[in-house]
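Whatever order the structure lists ligands and atoms in, that order sets their numbers, starting from 1.
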Amino acid sequence: MENLNDKYEAVIGLEIHTQLLTNTKAFSTDVAEYGSMPNANISVTSLGYPGALPRHNKEAVNMALKVGLACGCDITSYCLYARKNYFYADLPKGYQITQDKTPLCTNGFIHIKKADGSTRDIELTRIHLEEDSGKSIHDMDLNNSLIDYNRAGTTLIEIVTEPVIKTGEEAGLFVSEVRKLVRYLDVCDGNMEEGSLRCDANISVMPKGSDTFGTKVEVKNMNSISNVRKAIEFEIQRQIEANENGETIVQETRSYDAVKGITFSMRAKEVATDYRYFPEPDLPPLMVSNDWIEAVRANMPALPEELYNQFTTEFGLSHYDASVLTEGKEIATYYQEIANHTSNYKAAANYLMGPVKAFLNKNAIELSEFVLTGRQIAELVRLVDEGVVSNAVAEQKIFPALIEQPDKGAQELAEELNVVQSSDADFIDELITKALAAYPDKVEEYKAGKKGLLGLFMGEVMKHSGGKADPKITSQKLREKLEA
Ligand code: ADP
Ligand code: MG
């Protein structure tokens, strides 16, 4: 049977709504805070009372600029806001203030790395600023829908891609890059479950190689990255099958049901004219000078991509290690701090991804709550590198002791715990003599060719040395003795 996935190709464009972590709302001084009592953070402006006037929020523009600059966008120097009109219970003004014809950022791209090692630049159409709606709550009161306007008027940016994404995998990677980026930039917490980052996917299919896109369907309500991927994969198959069955795809908005793993129709898609966009008369134009742009640029933190490149080229880490260590700004910064104090970059990475992560997981704490500094981890790496203690002793004895007494030095603790490795010949010789004397028959077997028994003698010596015997010297000496 012919494979339908070879006959069709999918086209996907994403729209990502990102809630900005501004202190106040987009066009008013209402506090923007998640989790307050319902309808506590509202005012005449966010409720759209007659005569109440919106104003610009500089912090919001700064955050949007950061994202735009990080994506290499062109910045629009003269932005007019528009009203997007529609009626909905959670939209108290009856319109949303947004940027229609003059988005703050245009063009630009986000880089994704696929599982097979290939990479792609996903082009952006635009990033614009707008305000969010309130929230309708349908499941708290049996007979009524409740409305919480705390979110009404809070700041959003919408990141819109060109229709260039081809698979659910690419879409998932794109969303994950966006989430990583906005977290690095401290502009959004990136929480998809709570809706701080919401992704709508526009999906169409067409015969392979065609230059005319099919009719697109918009899918909403995917509250995790894996759901973005699954919803898109489902929708592509649904559209291919519909095509095969001679059905026409209608332009509509569908919702993803994560439990059933399917998309279902919500409503016919509104077209732009339904919204009656017109210029917002109450806000002066937003003028973004070059000086403003440069001031924002000068305060940008290092981006995940730059750190990844530094970690792989300068520090020689593998793709895997560098990916894990740039997953968040916290871990990347911590790693850099260790790397500032050691040149054994690989050992530093292993320490952070091994014992440190295990400790954090076990105690359910974040790196920010961890008592040891990067410098202290580098000190542990040094003790092992210089042969002062074995790797096992450093991990299993000194590391936990240091967490208990972080004011002490690692070397000091090694001495206190009496675990400083000894390359002292007499000390090791004595232990070897004892170990061999304890197993005369095994010595004979070894001499008769059972070389695997070396491990047994090594174990004996290490045990009686309290982990202090230098393993390299011990094994060398053991062999010499046994083969003499
Ligand atoms: P609308 O006017 O419906 O909002 P836009 O042209 O603004 O549509 O595009 C919205 C999103 O849909 C963008 O991310 C764009 O890349 C994507 N898109 C546009 N056309 C298609 C298509 N035929 N198939 C898939 N995605 C598309
Ligand atoms: Mg549009």
Side-chain angles (χ1 to χ4, degrees), residues 5 8-18 67-68 71 73 76 82-86 88 95-96 98-110 112 120-130 133 156-178 197-222 228-229 231-243 247-256 263 265-278:
N5 291 309
Y8 290 93
E9 65 181 288
V11 173
I12 302 155
L14 299 180
E15 297 167 286
I16 301 187
H17 285 96
T18 311
V67 180
C71 299
C73 296
T76 309
R83 288 187 184 180
K84 179 181 181 180
N85 300 280
Y86 59 101
Y88 210 75
Y95 60 86
Q96 198 182 2
T98 182
Q99 294 179 325
D100 178 31
K101 301 236 161 25
T102 49
L104 182 63
C105 314
T106 55
N107 304 319
F109 63 89
I110 286 179
I112 58 169
R120 281 199 69 199
D121 287 339
I122 304 297
E123 288 96 6
L124 306 183
T125 312
R126 57 192 284 158
I127 302 175
H128 66 254
L129 269 163
E130 61 185 23
S133 60
L156 290 180
I157 50 172
E158 183 176 341
I159 304 171
V160 184
T161 77
E162 289 287 285
V164 291
I165 298 169
K166 293 179 183 148
T167 61
E169 184 209 0
E170 288 184 357
L173 289 169
F174 179 84
V175 178
S176 128
E177 284 304 315
V178 168
L197 196 133
R198 308 191 287 269
C199 172
D200 301 339
N202 298 272
I203 303 156
S204 65
V205 299
M206 61 183 176
K208 196 157 213 150
S210 163
D211 49 18
T212 318
F213 289 169
T215 303
K216 74 171 157 45
V217 165
E218 185 172 351
V219 179
K220 289 180 176 291
N221 298 331
M222 299 156 287
V228 168
R229 189 172 48 72
I232 291 174
E233 283 165 2
F234 174 87
E235 183 59 22
I236 292 172
Q237 290 311 314
R238 187 189 73 82
Q239 292 185 21
I240 290 178
E241 278 162 34
N243 268 288
E247 295 160 22
T248 20
I249 303 286
V250 285
Q251 184 161 340
E252 61 179 350
T253 303
R254 297 175 73 89
S255 181
Y256 181 61
T263 64
S265 183
M266 276 167 81
R267 55 173 186 259
K269 164 83 188 169
E270 302 85 352
V271 287
T273 48
D274 292 341
Y275 292 122
R276 305 278 307 171
Y277 282 96
F278 66 85

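At least one donor-acceptor pair closer than 3.5 Å links the side chain of Q239 to the backbone N or O of I203. A side-chain donor-acceptor contact under 3.5 Å links E9 to the backbone of G209. At least one donor-acceptor pair under 3.5 Å links the side chain of R120 to the backbone N or O of V164. For Q99 (side chain) and L104 (main-chain N/O), a donor-acceptor pair under 3.5 Å exists by modelled atom type.
Each of the atoms 14 (O), 16 (O), 17 (C), 26 (N) of ligand 1 lies under 4.0 Å from some heavy atom of G13. Contact atoms of ligand 1 toward V11: 24 (N), 25 (C) (distance under 4.0 Å to a heavy atom of the residue). Near V160, the atoms of ligand 1 lying under 4.0 angstrom from a non-hydrogen atom of the residue are 13 (C), 14 (O). Those atoms of ligand 1 with a heavy atom of E162 less than 4.0 angstrom away are 16 (O).
Between P163 and ligand 1, at least one pair of N/O atoms sits closer than 3.5 Å. Considering backbone and side-chain atoms alike, E15 places every N or O at 3.5 Å or more from each N or O of ligand 1. Below 3.5 Å of separation, one finds an N or O of N202 facing an N or O of ligand 1. Taking distance alone, with nitrogen or oxygen atoms compared against 3.5 Å, G214 approaches ligand 1 more closely than that limit. Considering backbone and side-chain N/O of K216, one or more are found under 3.5 Å from N/O of ligand 1. For a threshold of 3.5 Å applied to N or O pairs, the pair formed by T161 and ligand 1 contains at least one separation below that value.
Ring geometry for Y275 versus Y277: interplanar angle over 60°, hence perpendicular rather than tilted (30 to 60°).
Applying the side-chain hydrogen bond (donor to acceptor under 3.5 Å, both in side chains) criterion to S255, with sequence neighbours excluded, gives N221. Scanning for salt bridge (charged side-chain N to carboxylate O under 4.0 Å, His left out) contacts around D200 gives K220, with sequence neighbours left out.
Contacts between T125 and ligand 1, counted as non-hydrogen atom pairs separated by less than 4.0 Å, are absent for every part of the residue. Residue contacts with ligand 1, taken as heavy atom pairs separated by less than 4.0 Å, do not involve E218 at all.
Looking at Q237 and E241, their side chains never bring a donor and an acceptor atom within 3.5 Å of each other.
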